[in-house]
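Convention: sequence-line order gives letters A, B, ...; per-chain numbering from 1. Just so it is clear, the model here is predicted, and its values are computed rather than measured.
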Protein chains: 2
Amino acid sequence: MAEPAVRHDVFQAIADPTRRSMLKLLADKEMPIAAISQCFPMTRTAVNKHLHVLSDAGLVSRRKVGRETRYRLRPEPLAEIKEWLAFFDQYWDDRLAALQRFVETDSDE
Amino acid sequence: MAEPAVRHDVFQAIADPTRRSMLKLLADKEMPIAAISQCFPMTRTAVNKHLHVLSDAGLVSRRKVGRETRYRLRPEPLAEIKEWLAFFDQYWDDRLAALQRFVETDSDE
DNA sequence: TCATCATAACACCTAAAGGTGTCATTTTGC
DNA sequence: GCAAAATGACACCTTTAGGTGTTATGATGA
């Protein structure tokens, strides 16, 4: 019961710009839904759905305080994206990529 | 006419696992659609659509060689994701985050 | 206990994503 | 010039994501 089994993909979770804004918003402070939904032009229900996706991906944690539920950033799953990006570091260099393209173009035609 | 105006978001482009596989596949070598679609359990048309999304995001380049179009990785737009992730580096440290949570919990209740 | 407030849960709607199939276009090689 | 091969473009279908509204649940405070 340690980790809540990622159902929603982390990549999919951060695909939506609204959810990316939510993560930045929840980075500094813990917030209840009412406060969060005031920052976005949509219903509380819609905000709650987005929070549920983020929670499924393990990107936010929920904590009950009295009658309100507070959400907070949990950045650990972002490591998966970081690792994925690391694979492409070897292709990052513009000059190297350009050279490789040039060589193959030359040998093909 | 330098850059092809990103219509599809980069975050959205890498949200699909098929497209992520395509990027890895196209990292090493330039490939035509026929060869690419042999690597995925779907129609050439579907593969072409995914490639179109990647192309819109600037993540692949297309080059016509005779009657075939070859695709190749263009990793530059991934920098946007890297920058976005960099924002969360300050919240990365588990101990720091735990401490912050503890402090706020204490002061709240 | 009871009214109130915050959130969760439910049914529902609309638009877009992801997929297939078919046809048009262009290049190759004879 | 013409048949074959590779890709692009189009119409279409199905599923899901994102959204709203309403109702149910649970905690607060007089």
Considering residues at least two apart in sequence or located in another chain, which fulfil the side-chain hydrogen bond (donor to acceptor under 3.5 Å, both in side chains) criterion with A:Lys24?
none
The side-chain hydrogen bond (donor to acceptor under 3.5 Å, both in side chains) partners of A:Glu68 (sequence neighbours excluded) come to A:Arg70
Length of the [atom1]-[atom2] vector between [X] and [N], whole Å:
| X | N | atom1 | atom2 | answer |
| --- | --- | --- | --- | --- |
| B:Asn48 | C:dA24 | CG | P | 18 Å |
| A:Asp9 | C:dG18 | CG | P | 13 Å |
| A:Arg62 | C:dT7 | CZ | P | 12 Å |
| B:Asp56 | C:dA17 | CG | P | 11 Å |
| A:Arg67 | C:dC2 | CZ | C1' | 14 Å |
| B:Gln12 | C:dA16 | CD | C1' | 10 Å |

Once ring-ring contact (aromatic ring centres under 6.0 Å, His included) is applied, what residue pairs with a partner in residues 18-39 of chain B remain, sequence neighbours excluded?
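Applying ring-ring contact (aromatic ring centres under 6.0 Å, His included) to every pair that reaches into residues 18-39 of chain B, excluding sequence neighbours, yields nothing.
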Suppose the criterion is ring-ring contact (aromatic ring centres under 6.0 Å, His included): which pairs have a residue in residues 9-39 of chain A, not counting sequence neighbours?
A:Phe11-A:Trp84
Whether B:Ser37 side chain and B:Ile33 backbone form a donor-acceptor pair below 3.5 Å:
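Indeed, once roles are kept as given, a pair shorter than 3.5 Å links the two residues.
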Run the side-chain contact (heavy atoms from CB on, under 4.5 Å) test against [X] and tell me which residues pass, sequence neighbours left out.
| X | result |
| --- | --- |
| A:Ala79 | B:Trp92 |
| B:Ala34 | none |
| A:Arg67 | none |
| B:Lys49 | none |

Students should find this one: the first and last nucleotides of DNA chain D, 5' to 3', lying under 4.0 Å from a heavy atom of chain A. What are they?
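It runs D:dA17 to D:dT28.
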Could I get a table of every N or O pair under 3.5 Å where one atom is in the protein and the other is in nucleotides 19-23 of chain C?
from   : atom 1 : to      : atom 2 : distance (Å)
C:dG19 : OP2    : B:His50 : NE2    : 2.3
C:dG19 : N7     : B:Lys49 : NZ     : 3.3
C:dG19 : O6     : B:Lys49 : NZ     : 2.2
C:dT20 : OP2    : B:Thr43 : N      : 2.8
C:dT20 : OP2    : B:Thr43 : OG1    : 2.6
C:dT20 : O5'    : B:Thr43 : OG1    : 3.0

Sidechain N-carboxylate O distance under 4.0 Å for A:Lys82, B:Asp89:
yes
May I ask you to evaluate whether A:Tyr71 reaches the phosphate of C:dA8, defined as a side-chain N or O under 4.0 Å from OP1 or OP2?
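So the side chain of A:Tyr71 is within the cut-off, an N or O lying under 4.0 Å from OP1 or OP2 of C:dA8.
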So how far off straight is the helix from C:dT1-D:dA30 to C:dC30-D:dG1, going by the axes through five pairs at either end, to 10°?
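Terminal axis comparison yields 30°.
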Tell me, which pairs form a side chain to side chain donor-acceptor pair (under 3.5 Å) where one or both residues lie in residues 13-22 of chain A, sequence neighbours left out?
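Found A:Asp16-A:Thr18, A:Arg19-A:His50, A:Arg20-B:Asp9.
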